[in-house]
Amino acid sequence: MTDPTPPAATDFIRDIIDEDLRAGRHAGRVATRFPPEPNGYIHIGHAKSVCLNFGLARQYGGTCNLRLDDTDPAGESMEFVESIIRDIHWLGFDWEDRLFYASDYFEKLFAFAVELIKKGDAYVCSLSPDEIRERRGSFTEPGRESPYRNRSVEENLDLFERMRAGEFADGAHVLRARIDMAAPNIVLRDPILYRIKREPHYRTGTQWVIYPMYDFAHCLSDALEGITHSICTLEFENNRPLYDWIVERLIAANRPKQIEFARLSVSYTVLSKRRLIQLVQEGHVRGWDDPRMPTVSGMRRRGFPAEAIRNFCAEIGVAKNDNLVDMALLEHCVRDGLNERAPRAMCVLRPLKVVIDNYPEGQTEEFDCANHPQRPEMGMRKVPFSRVLYIEREDFMEAPPRKYNRLGPGREVRLRNAYIIKFASLVKDEKTGEVTELHCTYDPATRNAPPADGRKVPGVIHWVSAAHAVPAEVRLYDRLFTIEDPGSEEDFLQYLNPQSLESLPACYAEPGLQNAEPGSAYQFERVGYFCADEKESQSGRPVFNRVVPLRDSWTKIAGKG
RNA sequence: UGGGGCGUCGUCAAGCGGUAAGACACAGGAUUUUGGUUCCUGCAUUCGGAGGUUCGAAUCCUCCCGCCCCAGCCA
């Protein structure tokens with residue numbers, strides 16, 4: 001695998017690692033992990049964490065494990081595990097033989113819990129969920145100790161074993177850490193370590209009826225794997241004292257350290273798992289890999305290069321500020337990657353028929369077109385030309401505004417890679433008044449050559465020969481939401497963009513696009529970057545997703561009048 | 001309200017006591033058979049605010065203001 005890590009700028013996490021290395025901590029080792037819960041697909045925010053964790057390992061010659069943090073069977077599944085594996089690999093990272101599951105540690109975690117009980121640091125609490133909440137206190141008031149807090153070690157041990165054995169109903173008992181009910185940090189008010197939950201686990205089946213909580217499982221999983229730097233997001237900052245509390249009691253040496261950074265937000269989309277699940281389950285999008293989704297699968301299907309996502313993650317940096325990164329930056333990274341390597345092609349999205357009156361009927365000729373104007377090594381291709389063509393409807397205007405340099409009555413325009421044509425007449429639908437056909441004449445002397453008289457024809461438009469055109473479906477995607485920060489709105493669905501998908505079923509593409517490989521990306525010149533849909537595109541009937549439009553300075557000019 | 005965290009250009013983000021990097025966005029201009037690409041140019045006398053320390057402060061101190069996170073048997 002080639003090095004997928006863009007040159008890493010420095011950040012506060014790298015500073016910490018540098019300092020640890022300088023101080024000789026962890027025996028010079030750097031071990032990180034990416035710990036998703038398999039209850040959904042990973043998204044661009046996870047990609048930031050993936051790039052960080054795997055990037056750190058690569059940079060410091062360390063390792064990064066993939067660990068499925070599957071301690072709550074509700075909602076977790078193998079389908080999600082598989083998608084996560086697929087997506088991280090696609091992003092360009094690999095964990096070799098270090099694929100782990102928190103569920104593989106259940107037995108060890110149970111033993112750790114027993115050890116904690118024996119030390120007098122944990123107890124079985126038999127309060128109801130409501131009673132526990134009630135006694136937790138509030139931001140301003142301390143909590144009250146559980147009446148079960150001082151059970152004997154023997155009783156705790158017995159009860160905990162019987163919890164495991166399935167003798168009690170869900171919620172009847174819980175294992176709690178004995179810390180401090182008056183702690184100002186609520187996380188420390190005797191947090192729950194284990195709960196009884198009769199829910200089949202996608203990996204352990206019905207083997208367990210008790211499951212460890214995140215706070216207990218995560219830090220110990222880190223320790224078991226020899227993680228040195230456990231990197232997570234800011235909302236876990238309050239949990240760090242608990243992380244340390246557990247590790248200090250159960251792990252003798254090489255204790256992992258938790259470091260928190262700000263999670264990513266991107267404008268005009270949502271990244272919270274809850275909201276993404278809702279979009280999928282309520283059918284607002286067509287699944288987790290809908291090209292409008294900010295999921296890795298969605299972005300892949302949309303046609304975003306993995307490299308673009310990596311560059312984006314490098315570009316946004318790592319810090320502790322709350323942030324809302326401009327979607328325009330992601331799009332910039334996508335264009336940047338695609339501009340380099342996407343072969344150019346011509347495709348007319350909204351066709352308008354053009355007849356070249358002075359071009360011989362039945363004649364066809366082929367033009368040599370560069371696959372990339374700046375990269376001759378990408379070669380040439382033949383594109384057929386004949387008397388009847390299709391051009392883009394918006395490349396003709398009956399009453400063109402100022403600075404419009406395309407076709408109009410009396411005007412000339414250059415057909416890309418071909419001739420200069422001149423408007424002759426137009427045909428309208430009698431009822432609607434809509435222009436249905438254009439008649440033009442061509443200047444044979446301008447075949448891939450400037451006009452001999454030196455006249456300037458600034459406009460260049462794309463075209464497809466009608467007789468050779470391949471019908472294609474093109475899907476235009478736009479931002480999923482109409483407001484910058486839909487994630488901050490409770491009724492975020494209200495801001496769904498009704499125009500986020502526009503399907504154009506009757507487009508015409510140049511012949512070479514007939515067999516576009518699913519997943520391959522092209523630049524449709526003057527229009528944007530497009531990618532043959534990996535699921536629905538087929539030879540003879542290609543379906544293209546618009547990855548991102550080309551930058552467009554015309555609409556700005558037009559907007560100014 | 002108790003605790004934890006954060007405030008540097010429209011958006012990200014460097015800066016770690018020596019006088020505000022870079023990227024995106026935006027605005028001009030050049031080149032162009034993609035109104036694309038590329039290339040120039042401009043874009044924070046100022047770092048949430050007010051005091052203080054210092055020859056010198058975005059960086060240190062004090063107070064104030066604002067935003068985010070925590071009261072799941074979720075992660």
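Below, each value reflects all heavy atoms present in this structure, side chains not excepted, and no hydrogens, waters or symmetry copies. These figures come from a predicted structure and were not determined experimentally. Per chain, numbering begins at 1; letters A, B, ... match sequence-line order.
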Describe the nucleic acid contact of A/Val318 in one word from base, sugar-phosphate, nothing, applying a heavy-atom distance below 4.0 Å. sugar-phosphate

Identify whether any heavy atom of A/Glu141 sits under 4.0 Å from a base atom; if not, whether one sits that close to sugar-phosphate; answer base, sugar-phosphate or nothing.
-> nothing

Contacts of A/Asp322 and A/Tyr529 projected onto RNA chain B by closest heavy atom; the upstream (5') one is A/Tyr529

**Asked** Touch check for A/Met213, heavy atoms < 4.0 angstrom, all strands: base, sugar-phosphate only, or nothing?
**Response** sugar-phosphate

From the candidates B/A23, B/U34, B/G35, the one with an atom nearest any side-chain atom of A/Asp552 is B/G35

**Message:** Between A/Tyr522 and A/Tyr529, is the ring centroid distance below 6.0 Å?
**Reply:** no

- Query: Contact class for A/Leu127 vs. all strands (heavy atom < 4.0 Å): base, sugar-phosphate, or nothing?
  - Reply: base

Is there a donor on the side chain of A/Asn238 or the base of B/G3 sitting less than 3.5 Å from an acceptor on the other?
yes

- Give one of base, sugar-phosphate or nothing for A/Asp215, where a contact means two heavy atoms less than 4.0 Å apart. nothing

Think A/Arg406 has a side-chain N or O under 4.0 angstrom from the OP1 or OP2 of B/U33?
no

From CD of A/Glu412 across to P of B/U33 the rounded distance in Å is 16 Å

Margin query: Regarding A/Lys197, tell me which of base, sugar-phosphate or nothing describes its non-hydrogen contacts under 4.0 Å with the strands shown.
Written below: sugar-phosphate

Margin query: Say we look at B/U54 and B/U59: how far apart would their P atoms be, to the nearest angstrom?
Written below: 16 Å

message: Need one value for A/Arg344: base, sugar-phosphate or nothing, where a base atom within 4.0 Å counts as base even if backbone is also close, heavy atoms only.
response: base

Quiz item: Heavy atoms under 4.0 Å, any strand shown: does A/Ile132 hit a base, just sugar-phosphate, or nothing?
Solution: base

Checking A/Arg406, A/Lys422, A/Arg455 against A/Glu412 for salt bridge (charged side-chain N to carboxylate O under 4.0 Å, His left out), the one that qualifies is A/Arg455

Check the phosphate of B/C26 against A/Lys556, side-chain N and O only, distance under 4.0 Å to OP1 or OP2. Yes or no?
yes

| Between A/Arg67 and A/Glu225, is there a side-chain N and carboxylate O pair less than 4.0 Å apart? | yes

So A/Ser128, base contact, sugar-phosphate only, or nothing? Heavy-atom distance under 4.0 Å. base

ask   = Contact class for A/Ile192 (heavy atom, under 4.0 Å): base, sugar-phosphate, or nothing?
value = base

(Q) What's A/Tyr404 touching, base or sugar-phosphate or nothing? Going by heavy atoms closer than 4.0 Å. (A) base

To the nearest angstrom, the CD1-C1' distance between A/Ile186 and B/C69 comes to 11 Å

### base_contact_polar (B/U34 base, A/Arg526 side chain, donor-acceptor, <3.5 Å)
no

Looking for any heavy atom pair under 4.0 Å, which part of the strands does A/Ala418 touch: base, sugar-phosphate only, or nothing?
base

Using only modelled atom types and a 3.5 angstrom limit, is any donor from either the side chain of A/Arg335 or the base of B/U37 paired with an acceptor on the other?
no

note: A/Asn239, atom CG; B/G72, atom C1'; distance rounded to Å ~ 12 Å

Picking from B/G35, B/C73, B/A75, the nucleotide nearest the side-chain atoms of A/Pro129 would be B/C73

- prompt: Reckon A/Asn321 has a side-chain N or O less than 4.0 Å from the OP1 or OP2 of B/C6?
  reply: no

Quiz prompt | ring centroid sep under 5.5 Å plus plane angle under 30, A/Phe139 with B/C70 | solution = yes

At under 4.0 Å between heavy atoms, what does A/Asn323 touch on the DNA or RNA strands: base, sugar-phosphate, or nothing?
sugar-phosphate

For B/G15 and B/C60, measure between their P atoms and round to the nearest Å.
13 Å

*Check whether any side-chain N or O of A/Arg136 sits under 4.0 Å from OP1 or OP2 of B/G72, and answer yes or no.*
yes

Subject >> Rounded distance in Å between the C1' positions of B/A58 and B/A13 >> reply: 14 Å

Looking only at atom P, what distance separates B/G48 and B/G7, rounded to whole Å? 8 Å

With C1' as the reference atom in both, quote the distance from B/C69 to B/U45 in angstrom, rounded to an integer. 37 Å

Comparing A/Glu484 with A/Trp554, nearest RNA chain B nucleotide closer to 5' gives the residue A/Glu484

> Thinking salt bridges, do A/Asp395 and A/Arg526 make one under a 4.0 Å N-O criterion?
Replying inline: yes

Exercise for review: Kindly say whether, by distance alone, the side chain of A/Gln374 makes a donor-acceptor pair under 3.5 Å with the base of B/G36?
Suggested key: yes

Exercise for review: Scan A/Arg414 against the nucleic acid and name what it touches under 4.0 Å (heavy atoms): base, sugar-phosphate only, or nothing.
Suggested key: base

Report the relative orientation of the aromatic rings in A/Tyr442 and A/Phe385; use parallel for angles under 30°, tilted for 30 to 60°, perpendicular for over 60°. tilted

* salt_bridge(A/Arg189, A/Asp180) N-O dist < 4.0 Å -> no

**Item:** Pair A/Glu392 + A/Arg350, salt bridge at N-O below 4.0 Å
**Value:** no

request  = Respond yes when some side-chain nitrogen or oxygen of A/Arg133 is under 4.0 Å from OP1 or OP2 of B/G72, and no when none is.
outcome  = yes

Is the shortest side-chain N/O distance from A/Arg551 to OP1 or OP2 of B/U37 below 4.0 Å?
yes

Rounded to whole Å, CZ of A/Phe385 lies from C1' of B/U33 at a distance of 14 Å

Taken to the nearest whole Å, CZ/A/Phe160 to C1'/B/C73 is 13 Å

Side-chain atoms of A/Asn448 come closest, of B/U33, B/A75, B/U34, to B/U33

Q. Are the ring of A/Tyr214 and the base ring of B/A75 both nearer than 5.5 Å at their centres and tilted by less than 30°?
A. no

Exercise for review: Output yes when at least one side-chain N/O atom of A/Thr71 is less than 4.0 Å from OP1 or OP2 of B/A75, else no.
Suggested key: yes

Discussion item. Regarding A/Glu235 and A/Arg263, does a basic nitrogen lie under 4.0 Å from an acidic carboxylate oxygen?
Written reply: yes

Checking B/A71, B/G15, B/C6 against the side chain of A/Ser138 (C-beta onward), the nearest is B/A71

Q. Do A/Phe106 and A/His201 make the cut of ring centroids closer than 6.0 angstrom?
A. yes

Practice problem: Look at A/His332 and B/C24 and indicate whether a side-chain polar atom (N or O) is within less than 4.0 Å of OP1 or OP2. | Solution: yes

A/Ile196 atom CD1 is separated from B/G72 atom P, nearest whole Å, by 19 Å

| message | A cation-pi test, strictly: NZ or CZ of A/Arg203 under 6.0 Å from the centre of the six-membered ring of A/Tyr101 and no more than 45 degrees from its axis. Yes or no? | response | yes

The glycosidic conformation of B/G4, counting syn as within 90° of 0 and anti otherwise, is anti

Of the candidates B/C24, B/G5, B/A14, the side chain of A/Lys320 sits closest to B/G5

- request: Quote, to the nearest angstrom, the C1' distance that separates B/A27 from B/C65.
  value: 34 Å

* **C1' atoms of B/C24 and B/C9, separation to the nearest Å** => 12 Å

